[in-house]
Amino acid sequence: MTSSFTVHDASGYEQLMGRWSRKLAPKFIGFAGLAPGEKILDVGCGTGSLTFELAKSAELAAIGAIDFSPVFVEAAKRRNTDPRIAIQQADATALPFADNAFDRALALLVLHFVPEAGKAVAEMRRVTRPGGVVAAVVWDHLGGMAGMRMMIDTVAALSESGRQLRSRYCFQPMMQPGEMKRSFVEQGLADVTETELMIRMDYQDFADYWAPISAGEGPLGKYMTTLEAAERERAEAAVRDAYQAGRPDGPRSFANVAWACRGMVP
């Protein structure tokens, strides 16, 4: 099963999203819960934002982490110094673990990039013991990401390809209100709860915002690579104008909301 997230370089991903994943991870852990002695699985670990935040809890027994991208897996392995952590490349829709192997299976900002997200939820349920917890969080691309929508709406005003990008980006899997909750219930999870988590994305200047996108990272960067040089220049100038909003270039702060959902394995 492929992922719809484009990654070229781990450091580029860190600037695009990893730094914000690290801000979201503690809030997600607080929602998902932890208990001493547990074994936790991080599904779609990326460069390790959730994995290494989990490792701050000295009472956990073991932390498994998987990602579809070998670039991410290699980067996370390089960072790891904790013997409790085991990182490997794997498919979220076909997890390489036995039934009931973990106490909790968590997914931070990954289900919306899995083409068959329901299968990933089913697999998370399978590898989690009865009484254990499955939890996931995804960005609300349509209604909750002001900084990214700034670019999306700008390029949508410039071309048909931009409008098509907006349609894809705003309606990825699991992003609509209640969508994750319905999937969790359909996969047999009990006591399912959905909530919202919010962080702010703070940029030093337009270059800080734009660099990973112009380098082709993520879905917005992938779109930029499809444009001819003149179109890229036009898009960059328009997004710069939107970012600066008539004021000198410099710091900008954007609120970003994510949907979080958890359920118990019966």
Side-chain angles (χ1 to χ4, degrees), residues 2-25 44-52 67-79 87 89 108-110 112-115 138-139 141 145-170 172 199-245 249-254 256 258:
T2 59
S3 167
S4 61
F5 189 91
T6 302
V7 58
H8 300 288
D9 178 77
S11 62
Y13 170 80
E14 281 294 301
Q15 187 176 4
L16 177 71
M17 191 54 64
R19 52 181 166 168
W20 315 126
S21 300
R22 288 193 296 276
K23 289 183 70 173
L24 185 62
C45 64
T47 53
S49 297
L50 178 60
T51 303
F52 298 119
D67 200 277
F68 188 80
S69 166
V71 174
F72 284 156
V73 170
E74 181 182 353
K77 284 184 174 181
R78 283 198 305 268
R79 291 180 59 192
I87 304 167
Q89 185 180 6
L108 175 76
L109 303 178
V110 66
H112 48 316
F113 293 113
V114 179
V138 303
W139 292 123
H141 278 187
M145 292 199 77
M148 299 298 104
R149 279 298 301 268
M150 178 180 66
M151 176 195 165
I152 288 289
D153 290 333
T154 298
V155 299
L158 296 178
S159 68
E160 176 59 30
S161 65
R163 287 186 285 276
Q164 292 174 7
L165 169 68
R166 181 170 58 185
S167 179
R168 294 192 303 271
Y169 183 82
C170 290
Q172 288 177 248
I199 66 165
R200 295 197 73 89
M201 294 183 178
D202 299 302
Y203 298 95
Q204 297 175 11
D205 51 26
F206 179 70
D208 186 30
Y209 172 89
W210 189 249
I213 296 173
S214 65
E217 297 295 342
L220 305 188
K222 181 180 180 180
Y223 169 75
M224 291 300 295
T225 66
T226 67
L227 302 180
E228 300 292 336
E231 292 178 296
R232 286 198 301 272
E233 291 176 6
R234 183 182 178 214
E236 178 177 348
V239 177
R240 180 189 295 274
D241 182 65
Y243 176 93
Q244 294 175 351
D249 193 12
R252 300 291 189 272
S253 181
F254 302 97
N256 290 269

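Basis for what follows: all heavy atoms, side chains included, without hydrogens, waters or symmetry-related copies. A quick note: this is a predicted structure, and the numbers were derived from the prediction, not measured. Residues take their numbers from the sequence shown, with the count starting at 1.
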Hey, what do you get for CZ (Arg166) to OG (Ser161), rounding to the nearest 0.5 Å? 12.0 Å
Under 3.5 Å: donor-acceptor pair, side chain of Asp249, backbone of Phe206: yes
Atom CZ of Phe113 and atom OG of Ser69: how far apart are they, to the nearest 0.5 Å? 12.5 Å
In sequence, state the C-alpha distance, the side-chain angles, and the governing distance for Lys23 and Asp202, and then conclude on side chain to side chain contact (heavy atoms under 4.5 Å, CB included). CA-CA 11 Å; Lys23 289 183 70 173; Asp202 299 302; 3.7 Å; yes
Thr154 and Ala242 have their tightest heavy-atom pair at OG1-CB, 3.7 Å
In terms of relative ring orientation, are Tyr209 and Tyr243 parallel, tilted or perpendicular, with 30° and 60° separating the classes? tilted
Return the set of residues passing side-chain hydrogen bond (donor to acceptor under 3.5 Å, both in side chains) with Glu74 (not counting sequence neighbours), or none when no residue passes. Arg78
Please report the interatomic distance CZ(Arg200) to CH2(Trp20), rounded to the nearest 0.5 Å. 10.5 Å
Return yes if some donor-acceptor pair links the side-chain N/O of Glu217 with the main-chain N/O of Pro212 below 3.5 Å, else return no. no
Closest non-hydrogen atoms of Leu109 and Ser21, given as atom of the first, atom of the second and distance, are CD1-OG, 3.5 Å
Nearest non-hydrogen partners of Ile199 and Trp139, listed with the distance: CD1-CH2, 3.7 Å
Spacing of Arg168 atom CZ and His141 atom NE2 [to the nearest 0.5 Å]: 13.0 Å
Please report the interatomic distance CG(Leu24) to CZ(Arg22), rounded to the nearest 0.5 Å. 12.0 Å
For Gln204, what residues pass the side-chain contact (heavy atoms from CB on, under 4.5 Å) criterion, not counting sequence neighbours? Asp208
Pairing residues for Arg252 by the side-chain hydrogen bond (donor to acceptor under 3.5 Å, both in side chains) criterion, not counting sequence neighbours: none
Side-chain donor-acceptor contacts of residues 229-241 below 3.5 Å, not counting sequence neighbours, with atom names and distances?
residue, atom, partner, partner atom, Å
Glu231, OE1, Glu228, N, 3.0
Arg232, NH1, Leu227, O, 2.5

Contacts of type side-chain contact (heavy atoms from CB on, under 4.5 Å), residue Ala146, not counting sequence neighbours: Phe254
Test item: Asp67 side-chain N/O and Val73 main-chain N/O as donor-acceptor pair under 3.5 Å: no
How close do Cys45 and Thr51 get, counting heavy atoms only, and between which atoms? CB-OG1, 3.6 Å
Looking at side-chain heavy atoms only, is the closest gap between Met151 and Tyr169 below 4.5 Å? no
Specify the closest pair of heavy atoms between Phe52 and Ala76, including all atoms of both residues, with the distance to one decimal. CZ-O, 3.5 Å
So do Trp210 and Met224 actually touch side chain to side chain, heavy atoms under 4.5 Å? yes
For Met201 and Asn256, the nearest pair of non-hydrogen atoms, with its separation, is CG-ND2, 3.2 Å
To the closest 0.5 Å, what do you measure between CG (Asp153) and CG (Leu158)? 11.0 Å
State which residues pass side-chain contact (heavy atoms from CB on, under 4.5 Å) with Ala25; sequence neighbours excluded, sorted by chain then number. Leu50, Glu53, Leu108
Using side-chain heavy atoms (C-beta onward) and a distance below 4.5 Å, is Phe68 in contact with Val110? no
Please lay out, stage by stage, how Cys170 and Arg149 fare under the test side chain to side chain contact (heavy atoms under 4.5 Å, CB included). CA-CA 9 Å; Cys170 290; Arg149 279 298 301 268; 3.8 Å; yes
